[in-house]
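Just below is one structure, and these are the notes that go with it.
Both counts, for ligands and for their atoms, begin at 1 and track the order of listing.
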Amino acid sequence: MPFRSGRPYARDALSPGEGIMNETKPILRVQEVTRVYRVDSREVPALRGVTLSIEPGQVVALRGRSGSGKTTLLNCIGGLDRPTSGEVWFEGRNVTHLPEPEWVKLRRHRIGFVFQSHALLPTYSAWENIDLILRLAGVGRRERQQRIEEVLTLMGLTKWMDHRTFELSGGQQQRVAIARAIAPRPSLILADEPTGELDSATGQQILALFRRIADQEGTTILIATHDLAVDAFADEVILLQDGRIVER
Ligand code: ADP
Ligand code: MG
């Protein structure tokens, strides 16, 4: 298992005693999370008490129609938004009220994001896009080089590594974005509609790659989508409707 060998780069992102994870413990626990937006004087409940837990190495699909609360939930889990009430536990730690600098650290080292539109630097090569993220994570030069080769191979991108990303197809660009997200060896990937801008065949390839990442690197992956195709690649499907889980 060539890709499994790595330890997280950022031991300092963990508190003492949290470095060794018990594999049987959930990596993520969401407890009674609500999120109410205020629009003018109206209250819009986007999440109405969501509770779930996810085991390490699982691919979990978060399915639901547009407006069901998928993005809000992912953002609350990854610290881009804050729950109105309830708790989020990640790697055994209550992260609900972490100060922003701590969240930045978590997102740099432990939680990776993949969005519908990939947000790559268009004039940088695939290699450079990934290199930049590893620099931010404080990874040394030799290790960066090794890891970039590893993730490009895993994503089937070695042929394209020197191409500037604007020259690549939509599917290739999304693969670079995924390679970049997994490069720092995060334990959790949050993917929000990662196939939303792709045709269905390319979308399936992307979903298969998420499956491969979970299997080969042990990464936990949460994919928010309205795409039914995700079911074939997931260990579990969570169905969200009007801010509530209606089926698991
Ligand atoms: P999904 O990702 O499943 O399409 P969202 O999480 O984006 O769902 O949205 C859930 C609900 O919250 C929707 O009713 C949406 O209109 C509302 N909402 C999302 N973001 C905001 C916001 N920033 N301000 C007000 N309402 C919002
Ligand atoms: Mg959304």
| Got a donor-acceptor contact below 3.5 angstrom from the D192 side chain to the F115 backbone? | no
| query | What protein heavy atom sits nearest atom 10 (C) of ligand 1, and how far away is it? | reply | G67 O, 3.4 Å
| message | I'd like to know if the side chain of T34 and the backbone of G49 have a donor-acceptor N/O pair within less than 3.5 Å. | response | no
| request: Among all protein heavy atoms, pick the one closest to atom 3 (O) of ligand 1 and tell me residue, atom and distance. | output: K70 NZ, 2.8 Å
| said: Check R185 with E150, please: is the shortest side-chain N to carboxylate O separation under 4.0 Å? | reply: yes
| Do the charged groups of D131 and R141 touch, with an N to O distance under 4.0 Å? | no
| task | Please test V104 against E100 for side-chain contact (heavy atoms from CB on, under 4.5 Å), starting from the C-alpha separation and ending with a verdict. | result | CA-CA 6 Å; V104 171; E100 188 53 28; 3.7 Å; yes
| query | side-chain contact (heavy atoms from CB on, under 4.5 Å) between I223 and V59: does it pass, once the steps are laid out? | reply | CA-CA 8 Å; I223 306 173; V59 177; 4.0 Å; yes
| Contact atoms of ligand 1, heavy-atom distance to V39 under 4.0 Å | 25 (C)
| field | Contact check, G64 vs ligand 1, heavy-atom distance below 4.0 Å | value | no
| query | How far is atom 19 (C) of ligand 1 from its nearest protein heavy atom, and which residue and atom is that? | reply | Y37 CE1, 3.4 Å
| request: Give the residue and atom name of whichever protein heavy atom lies nearest to atom 7 (O) of ligand 1, and the separation in Å to one decimal. | output: T71 CB, 3.8 Å
| request: Between L240 and ligand 1, find which residue part has any heavy-atom pair under 4.0 Å and reply side chain, backbone, both or neither. | output: neither
| message | Rounded to the nearest 0.5 Å, what separates atom CD in E87 from atom CD in Q31? | response | 6.0 Å
| Is the closest protein non-hydrogen atom to atom 15 (C) of ligand 1 under 4.0 Å? | no
| task | Start with the C-alpha gap between E167 and W160, add the side-chain angles, then the distance that decides, and say whether side-chain contact (heavy atoms from CB on, under 4.5 Å) holds. | result | CA-CA 10 Å; E167 301 171 317; W160 312 104; over 6 Å; no
| Quick one: does atom 23 (N) of ligand 1 have a protein heavy atom under 4.0 Å from it? | yes
| field | Test side-chain contact (heavy atoms from CB on, under 4.5 Å) applied to E193 and H226, step by step | value | CA-CA 8 Å; E193 306 279 3; H226 55 264; 3.3 Å; yes
| Heteroatom proximity flag, G69 to ligand 1, N/O under 3.5 Å | yes
| Sub-3.5 Å N/O-N/O distance, V44 and ligand 1 | no
| remark: The closest protein heavy-atom partner of atom 5 (P) of ligand 1 is T72 OG1, 3.7 Å
| message | Within the 4.0 Å heavy-atom shell around S66, which atoms of ligand 1 are there? | response | 4 (O)
| task | For R65, take its heavy atoms, then give the atoms of ligand 1 lying under 4.0 Å from any of them. | result | 3 (O)
| said: With respect to the Mg ion (ligand 2), please indicate if T72 possesses an N, O or S atom at a distance under 2.8 Å. | reply: no
| Taking the six-membered ring of F90, is the NZ or CZ of R93 close enough (under 6.0 Å from the centre) and on axis enough (within 45°)? | no
| In the protein, which heavy atom is nearest to atom 12 (O) of ligand 1, and how far is it? | A46 CB, 3.3 Å
